[in-house]
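Notes follow the structure.
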Amino acid sequence: MSLSAKEKVIVKDFFAKVSSRSDEIGAEALARLIVVYPQTKSYFAHWKDLSPNGAPARKQGITVMGGLYEAVSKIDDMAGGLLTLSELHAFVLRVDPVNFKILSHCIMVVLSMLFAEEFTPQIHVAVDKFLALVALALSEKYR
Amino acid sequence: MVQWTDFERATIQSVFEKMDYDDVGPAALSRCLVVYPWTQRYFGNFGNLYNAAAIQGNPMVAAHGKTVLHGLDRAVKNMDDIKATYAELSVLHSEKLHVDPDNFRLLADCLTIVVAARMGAAFTADVQGAFQKFLAVVVSSLGRQYH
């Protein structure tokens, strides 16, 4: 499954549209990840504060969104463009790839909440595919 | 047996009480058919599913969406034995409809996204947690009788 030219435009346009609230999106998505899927906290045992609305969760959400915007800018070659992030996830973080799907779902729930009108099924499918491809790029170097 | 907290019970009752079934049912099913197009395989006799607009305007999809959503009512009323409540429906989906149980999960995800859109800020992380736990139990029960 790859993004069509049209879908790339949809993704770029949508992410541009929501960029002013990207911090909020990231923070909310991380909060939901921790609350709805508590097993994900296993990756954040080093945080002083593991609460969903705490500063570390918020900061992590913002970091994740930064990565997603980088992926949008490299949408034509995500595996190549996200090489550093890919190596980070493979050799340092070693996040089990199942968690990419979980976080992607949380991000889309937040997008749906904050942008109910805009997050139509057509945009949803393009974003879903995009997030799946980002996940694939991030797990590129795993084995 | 699934353990439900008071918060979870109250949340599920409240979310479904406030839900507009005629809106959410069709929206969730049509979204599923658009976002996961392979799910269209079960709806060969529904007519025009050629593109998102056709799917969202298709009256058979809308009607079926309402049917499916009302199917959740039984679980809402019998939260302490969802497995038994859906035993018959599970057999139906397995032996007659031949639906891959993974599709239940896909539809549940779309339903979550639609409910999030309708509820907005009221769909807090805790509410999402309760709602997804409920749907996970439903999904598991519907797949239970497959063999």
Side-chain angles (χ1 to χ4, degrees), chain A residues 1 3-4 6-7 10-11 14 18 21 24-41 50-54 57-58 60-61 98 101-132, chain B residues 5 7-8 11 15 20 23-24 26-40 49-58 61-62 65 102 105-136 139:
Chain A
M1 285 189 282
L3 289 165
S4 67
K6 189 165 163 226
E7 283 167 335
I10 288 176
V11 169
F14 183 75
V18 309
R21 293 175 84 175
E24 191 187 345
I25 295 167
E28 260 304 322
L30 244 296
R32 273 146 210 284
L33 182 75
I34 292 174
V35 169
V36 181
Y37 303 95
Q39 71 274 14
T40 57
K41 284 190 288 192
L50 272 164
S51 66
N53 299 306
R58 185 183 160 77
Q60 186 62 32
V98 70
K101 268 198 192 143
I102 292 175
L103 181 54
S104 295
H105 171 72
C106 289
I107 290 169
M108 287 191 288
V109 167
V110 174
L111 290 175
S112 182
M113 267 176 55
L114 298 179
F115 302 97
E117 296 280 311
E118 294 90 333
F119 199 62
T120 60
Q122 295 90 314
I123 291 191
H124 178 167
V125 62
V127 171
D128 189 297
K129 282 173 75 173
F130 167 70
L131 292 174
Chain B
T5 63
F7 171 80
E8 287 165 345
T11 297
V15 169
D20 178 355
D23 162 44
V24 171
L29 183 59
S30 58
R31 188 169 285 254
C32 189
L33 295 171
V34 170
V35 178
Y36 308 110
W38 54 94
T39 57
Q40 292 168 27
L49 298 178
Y50 298 136
N51 53 44
I55 291 170
Q56 289 170 257
N58 185 312
V61 171
D102 196 56
R105 190 183 53 78
L106 298 179
L107 180 57
D109 281 351
C110 285
L111 181 59
T112 301
I113 298 250
V114 170
V115 169
R118 300 298 182 270
M119 289 182 66
F123 197 65
T124 62
D126 289 324
V127 169
Q128 181 184 344
F131 191 68
Q132 289 195 198
K133 178 175 167 179
F134 172 77
L135 289 181
V139 164

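Throughout, protein chains are lettered first and strands after them, A, B, ... in sequence-line order, and every chain is numbered starting at 1.
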Minimum heavy-atom distance A:Ala31-B:Ala125, with the two atoms named: O-CB, 4.4 Å
Closest contact, heavy atoms only, A:Val125 versus B:Val35: CG2-O, 3.6 Å
Considering all heavy atoms, the nearest A:Met113-B:Phe123 contact: SD-O, 3.5 Å
Closest heavy-atom pair and its distance - B:Ile113, A:Val109: CD1-N, 3.9 Å
Structural part of B:Gln128 lying under 4.5 Å from a heavy atom of chain A: both
Derivation of the side chain to side chain contact (heavy atoms under 4.5 Å, CB included) call for B:Val34 and A:His124: CA-CA 9 Å; B:Val34 170; A:His124 178 167; over 6 Å; no
Evaluation steps, side chain to side chain contact (heavy atoms under 4.5 Å, CB included), between B:Thr112 and A:His105: CA-CA 10 Å; B:Thr112 301; A:His105 171 72; 4.2 Å; yes
Part of B:Ala122 within contact of chain A (heavy atom distance under 4.5 Å): neither
Nearest-0.5 Å distance, CD of residue A:Glu28 to OG1 of residue B:Thr124: 9.0 Å
Between CE on residue A:Met108 and CG on residue B:Asp109, distance to nearest 0.5 Å: 8.0 Å
B:Phe131 portion near chain A, given a 4.5 angstrom heavy-atom threshold: neither
Contact origin within A:Phe115 toward chain B - heavy atom pairs under 4.5 Å: neither
Side chain, backbone, both or neither of B:Asn51 within contact of chain A (heavy atoms, under 4.5 Å): neither
